[in-house]
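Working notes, beginning with the structure itself.
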Amino acid sequence: MAQTLVLVLVLFASLLVGTWYIQWYLYTTINSKKGIAECYKGIGTFFFYKSDRNKAIEYYQKSVAISEEINDEKAKATGQRRDQVNAVNA
């Protein structure tokens, strides 16, 4: 029973990160940097909860870089992406 639950959770997590990658591809195709940054944030969050801090940091930093590049006021005002990077580094 426990193994089945773990398998279901792993499959669900794979679908979740797969969804982010599909969105990333679509946003890349239409060159939506804000959308790409959101996808990187989602992928980073996935890896954070999967306890893969190095991958989480990598994607959070990509998200922060794009947000700063496009001057995303909402992301800067909340400090959300920077806080995520700092939380992972702590």
Considering all heavy atoms of both residues, which atom of [X] and which atom of [Y] are nearest to each other, and what is their separation?
X: G44; Y: A56; result: O-CB, 3.4 Å
X: S67; Y: A37; result: OG-CB, 3.9 Å
X: I66; Y: K33; result: CG2-O, 3.3 Å

What is the distance from atom [atom1] of [X] to atom [atom2] of [Y], rounded to the nearest 0.5 Å?
X: E38; Y: D72; atom1: CD; atom2: CG; value: 7.5 Å
X: E58; Y: I43; atom1: CD; atom2: CD1; value: 9.5 Å
X: I36; Y: E69; atom1: CD1; atom2: CD; value: 9.5 Å
X: R53; Y: Y60; atom1: CZ; atom2: OH; value: 9.5 Å
X: F48; Y: I57; atom1: CZ; atom2: CD1; value: 10.0 Å

Practice prompt. Is it possible for you to check whether K62 lies under 6.0 Å from the centre of the six-membered ring of Y59, through NZ or CZ, and within 45° of that ring's axis?
Written response: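 Yes, cation above the ring, under 6.0 Å and within 45°.
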